[in-house]
Amino acid sequence: MKQTERATEGLLALGKKTEYANDYAPEVLETFANKHPDNDYWVQFNCPEFTSLCPITGQPDFAEIKILYIPGERMVESKSLKLYLFSFRNHGDFHEDCVNVIMKDLVRLMDPKYIEVVGIFTPRGGISIYPYANYGRRGTKYAELAERRLLDYQMR
């Protein structure tokens, strides 16, 4: 088996024709093994074209979603993450809910050492909303990191 085949073994979305979910679809998320689980390092994803629907009016909300994490044993595969984030396109939820749901789904999926998710939503009705959520593994230095970053978080 070639190295590229081993690297993609078990990943279903990568290399196939893209099919988009009609609503919130956490089941599309996939992981792969972190080759450096003993190292602490940051991984950042930026999704500048995130959309969801207002649960009250049904109007679209636009945002940039930023995900930063320190991986543990598993890492999220980027195409599956893109498909997951795009699945919010027809999903009605408040900005704060979207950010917290994304964070919780990623924690369940890959059990990172630390993760934070920021939503930079464009103004609607003259108001911008920038929700922030984070998580660090309980009982570790990453829980302390989460507390410190939350308390020191600088809103834009």
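Just so you know, these numbers come straight off a predicted model, no measurement behind them. Throughout, residue positions are numbered sequentially from 1 according to the sequence presented.
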Looking at Glu49, I want to see if its CD is surrounded by more than 12 non-hydrogen atoms of other residues, nucleotides or ligands under 6.0 Å.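 Open: at most 12 neighbouring heavy atoms sit under 6.0 Å from CD of Glu49.
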Sequence neighbours left out, what passes side chain to side chain contact (heavy atoms under 4.5 Å, CB included) with [X]? Give chain and number order.
{"X": "Asn22", "answer": "none"}
{"X": "Ile56", "answer": "Cys54, Phe94"}
{"X": "Thr122", "answer": "Phe62"}
{"X": "Arg108", "answer": "Lys104, Asp105"}

Which atom names give the shortest non-hydrogen contact between [X] and [Y], and what distance separates them?
{"X": "Arg74", "Y": "Phe32", "answer": "NH2-CA, 3.2 Å"}
{"X": "Ala63", "Y": "Phe121", "answer": "CB-CD2, 3.4 Å"}
{"X": "Ser128", "Y": "Pro123", "answer": "OG-CG, 3.2 Å"}
{"X": "Ala133", "Y": "Met103", "answer": "C-SD, 3.6 Å"}
{"X": "Lys79", "Y": "Glu77", "answer": "N-OE2, 3.0 Å"}

Once rounded to the nearest 0.5 Å, what's the spacing between atom [atom1] of [X] and atom [atom2] of [Y]?
{"X": "Trp42", "Y": "Ile115", "atom1": "CH2", "atom2": "CD1", "result": "10.0 Å"}
{"X": "Glu96", "Y": "Tyr130", "atom1": "CD", "atom2": "OH", "result": "13.5 Å"}
{"X": "Ile120", "Y": "Cys47", "atom1": "CD1", "atom2": "SG", "result": "11.5 Å"}
{"X": "Asp93", "Y": "Leu53", "atom1": "CG", "atom2": "CG", "result": "10.0 Å"}
{"X": "Tyr135", "Y": "Leu145", "atom1": "OH", "atom2": "CG", "result": "12.5 Å"}
{"X": "Ser78", "Y": "Leu85", "atom1": "OG", "atom2": "CG", "result": "11.0 Å"}

Just wondering, do [Y] and [X] contact through their side chains at under 4.5 Å, heavy atoms?
{"X": "Pro71", "Y": "Val43", "result": "yes"}
{"X": "Val117", "Y": "Lys66", "result": "no"}
{"X": "His91", "Y": "Ser52", "result": "no"}
{"X": "Tyr84", "Y": "Ile102", "result": "yes"}

Step-by-step side-chain contact (heavy atoms from CB on, under 4.5 Å) determination, Met110 to Tyr69: CA-CA 10 Å; Met110 59 181 173; Tyr69 74 101; 3.7 Å; yes
Take Val76 and Leu29 through the side-chain contact (heavy atoms from CB on, under 4.5 Å) test and state the conclusion after the steps. CA-CA 7 Å; Val76 65; Leu29 286 167; 4.0 Å; yes
What pairs with Phe50 under ring pair (Phe, Tyr, Trp, His ring centres under 6.0 Å), at least two apart in sequence or on another chain?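 So Phe50 forms a ring pair (Phe, Tyr, Trp, His ring centres under 6.0 Å) with Phe88.
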Tell me, please, which residues at least two apart from [X] pass side-chain hydrogen bond (donor to acceptor under 3.5 Å, both in side chains).
{"X": "Asn46", "answer": "Gln44"}
{"X": "Tyr114", "answer": "Glu116, Tyr132, Asn134, Arg149"}
{"X": "Ser87", "answer": "none"}

Members besides Ile129 in its Ile/Leu/Val/Met/Phe/Trp/Tyr cluster (side-chain heavy atoms under 4.5 Å):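 Traced through the cluster, Ile129 reaches Ile127.
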Output all residues satisfying salt bridge (Lys or Arg N to Asp or Glu O under 4.0 Å) with [X], sequence neighbours left out; order by chain, then residue number.
{"X": "Asp40", "value": "Lys113, Lys141"}
{"X": "Arg124", "value": "Asp61"}
{"X": "Arg137", "value": "Asp111"}

Of Val101, Ile67, Thr31, the residue whose pairing with Leu106 passes side chain to side chain contact (heavy atoms under 4.5 Å, CB included):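 When Val101, Ile67, Thr31 are each tested with Leu106, the side chain to side chain contact (heavy atoms under 4.5 Å, CB included) holds only for Ile67.
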Fit a plane to each ring of Tyr41 and His36, take the angle between them on a 0 to 90° scale, and name the class: parallel (under 30°), tilted (30 to 60°) or perpendicular (over 60°).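 Ring orientation, 0 to 90° scale: perpendicular.
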